[in-house]
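Remarks on the structure that follows.
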Amino acid sequence: LEPSNQYSEHFYKMAFDIIQVSLEVIQHTLPKHAFNLNTLYDFICGPGFIQRLKQWEQAEDFLEGRPAKMAHILLAAGDEERGSFLTTLKRNLSWIGFEKTKAFLTPQSEVVEHSSQNEILLKESLRDFPLKGLSLKDFSFEDLLNNKIDIFCVIPLDMIDAMSGFLRLFTNIVLGTVIRQSGYKNPQEKILLLLDEFPRLGAMRQLINIVTVAAGAGIEAFMVAQDK
């Protein structure tokens with residue numbers, strides 16, 4: 001989550017805290033296979049989130065009280081302020097809710113276990129995205145360090161703005177994978193990070209790491225911007 005200006009930082013900070021607590025709750029209460037972006041979207045943006053907050057508020061000892069504290073802040077806020085927090089969340093997570101995105105983010109092994117309708121959704125997704133036979137469990141970002149894979153993330157031009165949250169997340173995962181292991185597992189060869197239409201990704205605090213720390217960790221970055 002990246003605020004577009006200084007006036008929205010308050011709402012983005014709260015949205016960030018909500019996601020952080022929600023991920024912690026999901027990790028401790030749901031099966032491992034459910035710890036994914038689709039679950040996060042349904043967990044926060046679904047119709048039962050306010051009721052979930054009320055349950056958190058009563059469980060003061062759960063996870064050292066972090067969910068209860070978050071729930072109390074949200075429920076104590078006025079309707080307009082609370083609505084702004086939730087609107088910020090839904091706007092920034094909306095890309096996960098797109099039908100084909102949800103299908104794309106669902107591993108094939110999970111789809112096979114569910115309805116045939118989901119199988120159709122996945123096949124349609126894989127047809128539109130050139131990823132035949134590939135599920136998200138088929139590779140690790142750490143394979144970049146061993147020069148085993150090349151990763152291309154291609155988004156239609158008319159969808160870049162809508163999918164900018166996914167592109168920022170994708171970039172942050174690549175940077176995090178390399179920077180976390182810098183010093184004891186450096187890339188076998190330099191990793192080229194090419195970001196076309198870069199300004200349309202929106203605000204990115206990780207830009208500082210791209211142009212400073214990442215270079216020493218084995219990433220060469222090319223950022224493409226057009227002024228016409």
Side-chain angles (χ1 to χ4, degrees), residues 1-4 8 11-12 15-16 18-27 29-53 82-141 149-174 195-204:
L1 301 181
E2 295 287 354
S4 55
S8 59
F11 300 107
Y12 274 77
F16 176 87
I18 294 171
I19 290 178
Q20 189 174 43
V21 169
S22 297
L23 286 172
E24 190 174 10
V25 171
I26 292 171
Q27 187 177 29
T29 59
L30 296 181
K32 184 178 180 179
H33 66 80
F35 191 65
N36 56 56
L37 289 170
N38 286 336
T39 299
L40 175 67
Y41 178 82
D42 294 338
F43 197 84
I44 294 178
C45 300
F49 187 60
I50 296 299
Q51 182 59 38
R52 185 170 288 115
L53 290 175
R82 182 169 59 251
S84 296
F85 294 146
L86 298 180
T87 298
T88 299
L89 275 169
K90 292 179 179 180
R91 183 173 63 250
N92 282 274
L93 298 180
S94 62
W95 60 271
I96 305 176
F98 298 153
E99 183 178 274
K100 290 185 177 180
T101 304
K102 291 179 77 71
F104 171 66
L105 292 172
T106 302
Q108 288 185 10
S109 59
E110 291 184 22
V111 174
V112 171
E113 295 174 0
H114 291 80
S115 68
S116 58
Q117 182 180 4
N118 280 348
E119 289 187 38
I120 294 173
L121 286 175
L122 180 62
K123 290 177 181 177
E124 290 179 350
S125 175
L126 294 177
R127 185 184 65 236
D128 295 336
F129 297 96
L131 298 172
K132 290 185 178 180
L134 176 68
S135 76
L136 294 186
K137 291 185 177 179
D138 286 335
F139 75 90
S140 166
F141 280 94
I149 58 172
D150 296 316
I151 302 177
F152 297 86
C153 183
V154 183
I155 303 294
L157 284 175
D158 61 345
M159 289 294 292
I160 289 180
D161 291 336
M163 296 295 290
S164 61
F166 169 72
L167 293 171
R168 289 196 300 270
L169 175 64
F170 190 90
T171 303
N172 288 342
I173 291 175
V174 172
L195 300 175
D196 195 10
E197 298 290 343
F198 175 73
R200 296 181 64 179
L201 298 184
M204 282 186 63

Can you tell me how far the [atom1] atom of [X] sits from the [atom2] atom of [Y], to the nearest 0.5 Å?
| X | Y | atom1 | atom2 | value |
| --- | --- | --- | --- | --- |
| L89 | I18 | CG | CD1 | 4.5 Å |
| D196 | L157 | CG | CG | 8.5 Å |
| L167 | M159 | CG | CE | 10.0 Å |

Mind listing the closest non-hydrogen atom pair of [X] and [Y] along with its distance?
| X | Y | answer |
| --- | --- | --- |
| A15 | T88 | CB-CG2, 4.0 Å |
| F166 | C153 | CE2-SG, 3.4 Å |
| I26 | F35 | CG2-CD1, 3.8 Å |
| G97 | K102 | O-CD, 3.8 Å |
| S94 | Y41 | CA-CE1, 4.3 Å |
| W95 | A162 | CB-O, 3.5 Å |

*asked:* Would you say that more than 12 heavy atoms from the other residues, nucleotides or ligands in this model lie under 6.0 Å from the CZ of F16, or not?
replied: no

*Are the side chains of I50 and L86 in touch, meaning some heavy atoms are under 4.5 Å apart?*
yes

*Residue pair N92, I19: steps toward the side-chain contact (heavy atoms from CB on, under 4.5 Å) verdict*: CA-CA 11 Å; N92 282 274; I19 290 178; over 6 Å; no

*Begin from the C-alpha positions of I151 and V174 and carry the test side-chain contact (heavy atoms from CB on, under 4.5 Å) through to its verdict.*
CA-CA 10 Å; I151 302 177; V174 172; 5.6 Å; no

